[in-house]
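What you see is a predicted model, and the numbers here were worked out from it, not measured in a lab. Every chain is numbered from 1, with letters handed out A, B, ... down the list of sequences.
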Number of protein chains: 2
Amino acid sequence: MNKTIPVDEELIDLAEFLRTFGDPTRLRILFLLRRRELGVQAISDELSLQQTTVSHQLKLLRHLRLVRYRKEGRGVFYRLNDDHIEQILEIGMQHIQEQV
Amino acid sequence: MNKTIPVDEELIDLAEFLRTFGDPTRLRILFLLRRRELGVQAISDELSLQQTTVSHQLKLLRHLRLVRYRKEGRGVFYRLNDDHIEQILEIGMQHIQEQV
DNA sequence: ATAATATATGAATATATGTTCATACATTTA
DNA sequence: TAAATGTATGAACATATATTCATATATTAT
């Protein structure tokens, strides 16, 4: 394993990426999308969040590539971007469920 | 795999845990500790950070169990808590290094 | 006991972040 | 084209967070 410290730009990108997992609302959206692809409306309804709140958070999730999306008709459908996302959620859950 | 959404308390704990990876200073500390156990002074010197800055961040890292520590003499020596920490750093690095 | 060394903590401040309101943009239907 | 539907965006506000300064606590050495 490579034990060097990443350069500043990488550290900033990495922090930005991992920070995106650091909000309960975004986590709810991610856990929901872990099940299946969903549109904005469906996410809002399922989680009882305002559409604008969901859209703002999805914008972040898109930019940091935690989710992908496709447009169909007047809807936009989101899903998790790749396996990394589920892996981090999984490891995180393991960690917090450990006896302290 | 279990596809349910964690309950609120878990979501808050998980967010708090993962958010802790979301700052470049803390990431620097974690990558440094990935190599070997280190005292506060050594961390400050190595990363050119003030001792108080490092102590404040280590307090966070302790509380969220990203690091463990042991006291020896007048020093306090920190190391990564468990494999989860390295795993998340590793997956995160993979993610940001992917071609966009 | 006093001084020296190592680490931790509280308050203050500047910056970042999440949610809401208002509104814009895009696509489909009438 | 106008209305309806679905989604996105900008500004504002309240709260959270990172760093610094001042100082406290703990351990060792004199």
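- Taking every heavy atom of residues 21-33 of chain B and every atom of DNA chain D, pairs under 4.0 Å involve Asp23(B), Thr25(B), Arg26(B), by number.
- Partners of Ser48(B) according to the side-chain hydrogen bond (donor to acceptor under 3.5 Å, both in side chains) rule, which considers only residues two or more places apart in sequence or in another chain, do not exist here.
- By the side-chain contact (heavy atoms from CB on, under 4.5 Å) test, Glu72(A) pairs with Arg70(A), Phe77(A), sequence neighbours left out.
- The distance from the OG1 atom of Thr53(A) to the CD1 atom of Ile29(A) is 9.0 Å, given to the nearest 0.5 Å.
- Counting any heavy atom pair closer than 4.0 Å across all strands shown, Lys71(A) reaches no nucleic acid atom.
- In this structure, Arg79(A) contributes its side chain and Glu37(A) its backbone to no donor-acceptor pair below 3.5 Å.
- By the side-chain hydrogen bond (donor to acceptor under 3.5 Å, both in side chains) test, Asp13(B) is found to be paired with no residue, residues two or more places apart in sequence or in another chain being considered.
- To the nearest 0.5 Å, the span separating CG on Leu33(B) from CG on Leu61(B) amounts to 8.0 Å.
- Sorted by first and then second residue, the salt bridge (charged side-chain N to carboxylate O under 4.0 Å, His left out) pairs with a member in residues 22-32 of chain B read Asp8(A)-Arg28(B); sequence neighbours excluded.
- Side-chain contact between Arg65(A) and Glu98(B) is present, with at least one heavy-atom pair separated by less than 4.5 Å.
- Residue pairs meeting the ring pair (Phe, Tyr, Trp, His ring centres under 6.0 Å) criterion with at least one member in residues 3-48 of chain B, sequence neighbours excluded: His95(A)-Phe17(B), Phe17(B)-Phe21(B).
- Residues Arg36(B) and Lys3(A) fail the side-chain proximity criterion, which asks for heavy atoms closer than 4.5 Å.
- For the segment residues 40-52 of chain B, the set of residues with a heavy atom within less than 4.0 Å of an atom of DNA chain C comprises Val40(B), Gln41(B), Gln51(B), Thr52(B), in numerical order.
- As rounded to whole Å, 10 Å separates atom P of dA8(C) from atom NZ of Lys59(B).
- Pairs passing the side chain to side chain donor-acceptor pair (under 3.5 Å) check and including a residue from residues 38-47 of chain B, sequence neighbours excluded, do not occur.
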Could you list all N or O pairs between the protein and nucleotides 28-30 of chain C that sit under 3.5 Å apart?
none

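- Chain B approaches DNA chain D over the interval dT17(D) to dA29(D), counting the first and last nucleotide 5' to 3' with an atom under 4.0 Å from its heavy atoms.
- Between the CG atom of Leu64(A) and the C1' atom of dT17(C) there is a distance of 13 Å, given to the nearest Å.
- One finds a side-chain N or O of Tyr78(B) lying less than 4.0 angstrom from the OP1 or OP2 phosphate oxygen of dA8(C).
- Between the Asn81(A) side chain and the Arg68(A) main chain, no donor and acceptor come within less than 3.5 Å of each other.
- When rounded to the nearest whole Å, the span between NE2 of His56(A) and P of dA24(C) equals 15 Å.
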Restricting both atoms to N or O, compile the protein contacts to nucleotides 14-16 of chain C shorter than 3.5 Å, with distance only.
none

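- Summarising the geometry, atom CD belonging to Glu86(B) is positioned 11.5 Å from atom CD1 belonging to Ile91(A); distances are rounded to the nearest 0.5 Å.
- Residues in residues 33-69 of chain A take part in these ring pair (Phe, Tyr, Trp, His ring centres under 6.0 Å) pairs, two or more places apart or across chains: Tyr69(A)-Tyr78(A).
- Interatomic distance, Ile5(B) CD1 to Leu47(A) CG, rounded to the nearest 0.5 Å: 5.5 Å.
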